[in-house]
Number of protein chains: 2
Amino acid sequence: MEKIMAIATLACAVLALLFAAIKAHRVMKFSEGTDLMKKISASIRKGANAFLKRQYKIVLIFFGIMFVVLGVMALLGLLTPFVPFAFLSGGFFSAFSGFIGMKIATNSNARTANACREGLNRGLKVAFSAGSVMGFTVVGLGLLDISIWFILLKFVFKLSANEITSAMLTFGMGASSMALFARVGGGIFTKAADVGADLVGKVEAGIPEDDPRNPAVIADNVGDNVGDVAGMGADLYESYVGSIISACALGVAAFGDIKAMALPMLLSAAGVLCSILGTFLVRTKEGASQKQLLRALSRGTNFSAILIAIVSLPLVYFVFGKENWTIYFAILAGLIAGVLIGQATEYFTSESYKPTKGLAATSETGTATIIIGGLSVGMMSTLLPIVIVAVCVLVAYFVAGGATSASMGLYGISLAAVGMLSTLGITLATDAYGPVADNAGGIAEMAGLEDEVRERTDALDSLGNTTAATGKGFAIGSAALTALALMASYIDKVNTIEGGAEKIANLNITNPTVLIGLFIGACLPFVFAALTMNSVGRAAQSVVKEVRRQFKEIAGLMDGKADPDYASCVDLCTKASLREMVFPTVVAVAVPIVVGIVLGCTGVVGMLAGATASGFLMAVFMSTSGGAWDNAKKYIESGVHGGKGSEQHKAAVVGDTVGDPFKDTSGPAINILIKLLSMVSIVFAAIVVNFSIL
Amino acid sequence: MEKIMAIATLACAVLALLFAAIKAHRVMKFSEGTDLMKKISASIRKGANAFLKRQYKIVLIFFGIMFVVLGVMALLGLLTPFVPFAFLSGGFFSAFSGFIGMKIATNSNARTANACREGLNRGLKVAFSAGSVMGFTVVGLGLLDISIWFILLKFVFKLSANEITSAMLTFGMGASSMALFARVGGGIFTKAADVGADLVGKVEAGIPEDDPRNPAVIADNVGDNVGDVAGMGADLYESYVGSIISACALGVAAFGDIKAMALPMLLSAAGVLCSILGTFLVRTKEGASQKQLLRALSRGTNFSAILIAIVSLPLVYFVFGKENWTIYFAILAGLIAGVLIGQATEYFTSESYKPTKGLAATSETGTATIIIGGLSVGMMSTLLPIVIVAVCVLVAYFVAGGATSASMGLYGISLAAVGMLSTLGITLATDAYGPVADNAGGIAEMAGLEDEVRERTDALDSLGNTTAATGKGFAIGSAALTALALMASYIDKVNTIEGGAEKIANLNITNPTVLIGLFIGACLPFVFAALTMNSVGRAAQSVVKEVRRQFKEIAGLMDGKADPDYASCVDLCTKASLREMVFPTVVAVAVPIVVGIVLGCTGVVGMLAGATASGFLMAVFMSTSGGAWDNAKKYIESGVHGGKGSEQHKAAVVGDTVGDPFKDTSGPAINILIKLLSMVSIVFAAIVVNFSIL
């Protein structure tokens, strides 16, 4: 069994990476268009590269310090010696996922714009191919990392199943730390640039979005790449890997047997095949309407999801046989929950439904009412996803046999997360193509292409918003399930440490350390959101000032007679976002250790439960509010409630601006936060068991 | 012991009410000023009375239905026959507290304005006296209700201690339901009027606050009374009574003895005496500065707090003797935590400190940045209070003997809440005088009094904002502690029901029903905030339209040649707020029953823990954001960042408007919500034990 799973996983990893390489090769064959388009694309690429280069330098310092800390712990016998290296490899692959995604995205933005000159369908092809490169790179690298480590630890070093999952959880921590840096850093960059560009350009100067006269316009487009692409790549690498390894760890805890690791790994490997098959269905006739485009995308993702739902039944049977085959329904529950959360998100954020339409209507009475309205849409939207997750958890727990053995039930919950993310290859492709289309629109505008090109890129972009809603559903839902699974892994971990069992015996919710841990954990997403929003605010203010300065000081700028200084805005955003990204991440790593030292292991469990619950709510709230404002603005721009340029539109732009850090910085970062907290807790469990005060 | 405590409590209740009556008598002797002032005050009074009358009619229907439901349950033997009556009495006294507060406030607004014509100190005297009436009415009625029921159940019907506390918890539920109606209904009214008046008056028409030409100005002033006074009165009645009865219930559970009830009751009775003594210290020399005024108020509250800290030591010793006297430190921890949370709130919302100053500075870059800034100030501000509550819970738990007996520890937590609220008489007085001063300012403006009068009322009002921050600290802190105590009471209650012990045995936080309950509970404050904000938004929109209509249709209105139709705005607010108040309250009552039926008792406990944690965070977040925006606006009005009328000021006004429903509708309502959830759970526990699915 072990060999089959190792080889199958490795093979699918390689297949995914090959598929990504082919797609990348095809994309690169398209033309970048006019010289101006090439020039613009090159400066975006340059800015993005410069940002990543500087970001990696800072991250390297962090990883260096952590490597030393973990190394010392390993020398003291608190960790196995593989842990520090596993940590580094997780970070490296996560960063690499983001890097590849960014590379392909910055190379396909102009190509997409150029393809849109020939037709909508051709534009979709380029953008979706670019998205596929990203999607399959992420899953390919994820499975590669997992399978190589597995082969190394199992067949070379002959470690026990327990030791293997322990080391794997550490590379999860590496991946999560890197993901948080990428999401927070990139998220601050993109929103500082976006907010800065919008506030001065659209609101004050009254020039359109992506107007080349706006000094922050290149920074804005760089931001799309470093935040929405590189950040998202690292983020989803972490989600994908995190769900698989937590399932492996819980499987080993439940069955004490390596075969429990086989299911999540084989399931993910099969998911890669299903996703690749799905991508072939994403094609439309020339001259397709937007609805048909959406149907083409949905056809691909739905096909993959249905296929994996069918394939995983024999897979479960193959691994577990007759006795435990009902675990299959846990996987199914996860898949269905992912889709349902996506639909709930779409209902609340799409301009086709009541909430966003109603939100647009609140613009009639001014800025304050649209802000209040957007906040309440977001808060209200937490209800459905939480009920869906609740039902999914219950189903997964009990079909996996939780009634007789709690650890079997928890394994079921973790499999639901793996099921939800099994077709990440294609769902991420449909998600990641959005920022490419967004960038293409920017280039079309800046290069002064015909209006119909911009209309086509806008159509693609708006389609991307819808698929992004679905993508977010998977990301948020899987984060909650994985975090719960990791919490269970933490308890298992503590139980294996000498003296740990007794320290974690009383997990009763009325135990004051659990309760207080719960309170503090629930507070963390609030604090984290505040920190990241503040960072965006501070960075955006400096951009605003710089843009205002250029408008004032550069003569002839508004008449198009002089060029703005784009580079200074890019540089400003880079510096500001890198400065701001460190503190929140360090807090996220430090808090579980501090809470553990003060409140002990029971406090840590309370903290993880609290952070997961409130983090899930905050992530949904912030993503939905942001999405609803964005689409309410677009809806108004389509001509209702006064249309573009009206007072109502101005109010909606303010809403959209507030929503920017909500949906693209703080919200997604919280998803990573809740998992990182668990992984840090697991890695440092031995310290807490030995040195805690309470 | 029982007799001493019953008589002492009853005596102090009567004393508090007598003190309130004397103060009321004194206030009424002041003059209402000019005929115009009398006329304005009368129309505010009329509007407030009309609102309360119609509100009580609707509430009566709800109470009627609940009375029948509880009656049927009592007939079926699921409850003692006293429960339905206790429920009614709780609701009645809570409503009565609000009613009295509103009566005195609407009778002292013009009197305060008139007294301010003679001097600041005289104005303070009238306003503070009015606040005292409210404060001592609330504590007097609270202790009266408790002591009468105790005497009735103990000495007339000779019930056991357990049965007595059960019945008492039911009148807690009555009080909480009424409080929620009052807070939500009043909160919607006041903010709909305020937002409506501000949006059209200040922002669109550019006329000052409280300008008589604004058609919503009377409604705005009515709102201060029905929301900030009647709502707050009912709210704090509920907090006060809730903390005492939950301590009584947990005391009985811990000691199985009526003497454990004596401590919270005697402590509260002693608190009344300390508060009365404290009020005598609130006086200043004529011509005192604002700082001296604040010092005068602080002197009163600090003196009372120190006095009760001293007095409660012998009290604890008297009740418990040498063995358990360390419980004293639980009371002390509660007192100190209340003060600290108040100071933390003040730090984040006062214009004297960095957060609000920094928030005001974000107005330089527009509306969006001040909104983002205010949201992040609020989110960040959750950290300190949660740490303070955490430390308080830990200390209270362990000094009360939690290490040896969990129920003793929980009793300690509930005593911390009682300690925190023991001097409510005077803290509420300093809090409730704020809306009176606010109203006085409105009357001064409308009656065209000299500028210096308005300056004086503004000074009083601004002072009120500071004391209100402290008051909110007590309200929020005690809500969290009381909710935790009630959660423990719920577990005790279920254990006493046949078949209950087994159903609530597994409260391990990894039990999926507990976890899912936690998720759903954590979601409730978000949904509740969304519901109430939506209500404010809808109601405000109708006000905005009406005000715009009047500005357009009534000729000569802007020149002061024609009077606006004030009554139509009052009527509109009344109708809208009463329509909107029903659904959120019904949801709050229904959810614990539904969750219990589906997830069982363990799910309910999870729900209560989740709701308490996230409710506490949301309440702090929303109150602080609202307060910070309000004061940032005031700070800008003092002349910085462009001052009144600038673009920055306009941005700040939008922030303040968003903050209005945050701090005065949703935030405070969540405080009540988390306790109501527990009380409903307790009252309907028998149904859940017998009919739950899981």
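Naming convention: chains lettered A, B, ... in sequence-line order (proteins, then strands); numbering from 1 in each chain. Nothing here was measured: the structure is a model prediction, and the numbers come from that model.
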Residues of residues 608-617 of chain A with any heavy atom under 4.5 Å of a heavy atom in chain B: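 Under the 4.5 Å heavy-atom cut-off, Ala609(A), Thr612(A), Ala613(A), Phe616(A), Leu617(A) qualify.
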[options]: which one forms the most heavy-atom pairs within less than 4.5 Å of chain B?
| options | result |
| --- | --- |
| Leu394(A), Ile520(A), Thr369(A) | Leu394(A) |
| Arg538(A), Glu364(A), Gln541(A) | Gln541(A) |
| Asp660(A), Leu484(A), Ile516(A), Asn534(A) | Ile516(A) |
| Val544(A), Ile371(A), Leu531(A), Val195(A) | Ile371(A) |
| Leu694(A), Ile386(A), Thr510(A), Val654(A) | Ile386(A) |
| Thr657(A), Leu410(A), Leu599(A), Asn508(A) | Asn508(A) |

Region of Val514(B) in contact with chain A, defined by heavy-atom distances below 4.5 Å: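 Looking at Val514(B), just its side chain touches chain A.
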Contacting moiety of Ala540(B), where chain A heavy atoms sit under 4.5 Å: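 Neither the backbone nor the side chain of Ala540(B) comes within 4.5 Å of chain A.
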Which atoms of [X] come close to chain B, meaning under 4.5 Å heavy atom to heavy atom: side chain ones, backbone ones, both, or neither?
| X | result |
| --- | --- |
| Phe519(A) | both |
| Arg548(A) | side chain |
| Leu515(A) | side chain |
| Ala488(A) | neither |
| Leu383(A) | both |

Chain A interface, residue from [options] that has the most non-hydrogen pairs under 4.5 Å:
| options | result |
| --- | --- |
| Val658(B), Asn511(B), Leu375(B) | Val658(B) |
| Val200(B), Val653(B), Thr367(B), Ile509(B) | Ile509(B) |
| Ala530(B), Gly517(B), Gly402(B) | Ala530(B) |
| Thr362(B), Val620(B), Val605(B) | Thr362(B) |

[X] side chain to [Y] backbone, donor-acceptor under 3.5 Å:
| X | Y | answer |
| --- | --- | --- |
| Asp492(B) | Ala253(B) | no |
| Asn495(B) | Ile491(B) | yes |
| Ser363(B) | Leu359(B) | no |
| Ser489(B) | Ala485(B) | yes |

If you look at every heavy atom in [X] and [Y], which pair is closest and at what distance?
| X | Y | answer |
| --- | --- | --- |
| Pro385(B) | Ser381(B) | CD-O, 2.9 Å |
| Ala619(A) | Gly667(A) | CB-O, 3.8 Å |
| Ser666(A) | Met622(A) | CB-CE, 3.6 Å |

Contact check, side chains of Met379(A) and Val527(B), non-hydrogen atoms, under 4.5 Å: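 They are not in contact (no side-chain heavy atoms under 4.5 Å apart), so the answer is no.
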Side-chain donor-acceptor pair present, Thr665(B), Thr532(B), cut-off under 3.5 Å: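 Result is no, nothing qualifies.
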Pairwise distance CG(Leu481(A)) to CG(Leu486(A)) - rounded to 0.5 angstrom: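 Atom-to-atom, Leu481(A):CG and Leu486(A):CG are 11.0 Å apart.
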Stepwise side-chain contact (heavy atoms from CB on, under 4.5 Å) test for Cys601(A) and Tyr490(A): CA-CA 9 Å; Cys601(A) 302; Tyr490(A) 174 73; 3.8 Å; yes
With sequence neighbours excluded, tell me which residues meet side chain to side chain contact (heavy atoms under 4.5 Å, CB included) with [X].
| X | value |
| --- | --- |
| Ser625(A) | Phe621(A), Trp629(A), Phe662(A) |
| Glu546(B) | Arg549(B), Gln550(B), Ser568(B), Cys569(B), Leu572(B) |
| Ala652(B) | Ile370(B), Lys633(B), Ile636(B) |

